[in-house]
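Just below is one structure, and these are the notes that go with it.
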Protein chains: 2
Amino acid sequence: MKARSQPQDEQHLTEQLGATGLRLTPQRQQVYDVLLHKRDHPTAEEVFIRAKKAMPEISHATVYNCLDALVKSGLARQVTLDRGATRYCPNMHEHGHFHCSSCETVFDVDLPAQAMKLPKGFKAEHFDIAIHGICPDCDSK
Amino acid sequence: MKARSQPQDEQHLTEQLGATGLRLTPQRQQVYDVLLHKRDHPTAEEVFIRAKKAMPEISHATVYNCLDALVKSGLARQVTLDRGATRYCPNMHEHGHFHCSSCETVFDVDLPAQAMKLPKGFKAEHFDIAIHGICPDCDSK
DNA sequence: GGTTAGTTTAGAATTATTCTAAATCTTGAC
DNA sequence: GTCAAGATTTAGAATAATTCTAAACTAACC
């Protein structure tokens, strides 16, 4: 129901963006709100449509800019599956994505947080895991 | 050095494609050869450019068609990183991708083949793991 | 209160991918 | 062998996703 973030979120936003040398603007706030409000891994286009409801003047380029700002500041992640548009996810917990091949829904799934062993010398900054399969709902149909 | 697959590869190709109801065509052979020849995770556009050298009449749409055919038949995998073009990989071993944030190179890395635990009811068909970080080469510079 | 740097905007441009309709090839039935 | 049916390829148009551009706006700072 809420259309805006709570004050503590705003504080957090300002800090995280600030640490990357970026400002908190109404647009970035709005885009972040959209991500938090419905965590269904929307595409940039979807975010644009949703953000427009509260902020009709917002532009396409701004949505991309805001999403990039959020990603750079560690407030959201990009989720790329197959050849379609990139999706966005505000869940910064270490997690993977389960993509149902039937209904196309994307679910967050916990990871065994296992030490993903890498060859000597490689330094991992973060990883994205995309699992493709069938979700319980589709499986029972 | 070799520009063509060996006979046993051809056999394999025919079988794998056949199992999916697809034919082995010179174009599909060529596209597969390109993938095998230089395993640097090329984009469809890259594959197109390389395939053209041996087969100048090949078209863009055909390259996409062939890549899709190979992916459907389990001969290649799609690799999607960030927002750019999709890349292709003929390594069908269970593995993840390490993406160097500095030089952009994509490395295949073995997985602990661990039982990626999923919530009850989810059935995994396959997964893609993309690891972002710094490769040894870039790290030493 | 003016300067500077960061941000937003609309719309154009570019890039990636898919679609279309016609031409070509393959295969299997006769 | 020959023909119809279906699969595949082709060039180019169309669409979708993303980035770029230049001008206008905003906020912070001296």
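Keep in mind that what you see is a predicted model, and the values were worked out from it rather than measured. Residue numbering restarts at 1 for every chain, and letters A, B, ... go by the order of the sequence lines.
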Distances under 3.5 Å between nitrogen or oxygen atoms of protein and nucleotides 22-24 of chain D:
none

Under a 3.5 Å threshold, yes or no: a donor from one side chain and an acceptor from the other, between A/His132 and B/Asp128? yes
Closer than 3.5 angstrom, by distance alone: can the side chain of [X] be matched with the main-chain N or O of [Y] as a donor-acceptor pair?
{"X": "B/Thr43", "Y": "B/Arg87", "value": "no"}
{"X": "A/Ser140", "Y": "A/Asp137", "value": "yes"}
{"X": "B/Asn91", "Y": "B/His93", "value": "yes"}
{"X": "B/His95", "Y": "B/Asp108", "value": "no"}

Check side-chain hydrogen bond (donor to acceptor under 3.5 Å, both in side chains) between B/Arg23 and all other residues, then give those that pass, not counting sequence neighbours. none
Heavy-atom closest pair, residues [X] and [Y]:
{"X": "A/Ile134", "Y": "A/Cys100", "value": "CA-SG, 4.0 Å"}
{"X": "A/Cys135", "Y": "A/Phe98", "value": "N-CE2, 3.9 Å"}
{"X": "A/Ser73", "Y": "A/Gln16", "value": "O-NE2, 3.0 Å"}

If Ile, Leu, Val, Met, Phe, Trp and Tyr residues are connected whenever their side-chain heavy atoms lie under 4.5 Å apart, and connections chain through other members, are B/Leu24 and B/Tyr88 in the same group? yes
Determine, using the 4.5 Å side-chain heavy-atom cutoff (strictly less than), whether B/Val79 and B/Tyr32 are members of one ILVMFWY cluster. no
Which pairs, protein N/O on one side and nucleotides 14-19 of chain D N/O on the other, fall under 3.5 Å?
unit_1	atom_1	unit_2	atom_2	d
D/dT18	OP1	A/Thr86	N	3.3
D/dT18	OP1	A/Thr86	OG1	3.2
D/dT18	OP2	A/Tyr64	OH	2.8
D/dT18	O5'	A/Tyr64	OH	3.4
D/dT19	OP2	B/Arg83	NE	3.3
D/dT19	OP2	B/Arg83	NH2	2.8

Students often get this wrong, so: under 4.0 angstrom with heavy atoms, is B/Thr62 touching a base, only sugar-phosphate, or nothing? base
Return the 5'-most residue of the pair B/Leu24, B/Pro56 with respect to DNA chain D, ranking by each residue's nearest nucleotide. B/Leu24
Residue whose nearest DNA chain D nucleotide is more 5′ - B/Ser59 or B/Leu22: B/Leu22
Salt bridge (charged side-chain N to carboxylate O under 4.0 Å, His left out) with B/Asp139: which residues, sequence neighbours excluded? A/Lys123
Between C1' on D/dT9 and CZ on B/Phe48, what's the gap in Å once rounded to a whole number? 13 Å
Would you mind telling me which of B/Leu22, B/Leu13, B/Asp33 makes a side-chain contact (heavy atoms from CB on, under 4.5 Å) with B/Arg28? B/Leu22
Between the protein and nucleotides 25-30 of chain D, which nitrogen or oxygen pairs come in under 3.5 angstrom?
none

Which nucleotide of DNA chain C is the first, and which the last, in the 5' to 3' direction, to come under 4.0 Å of a heavy atom belonging to chain A? C/dG6 to C/dT18
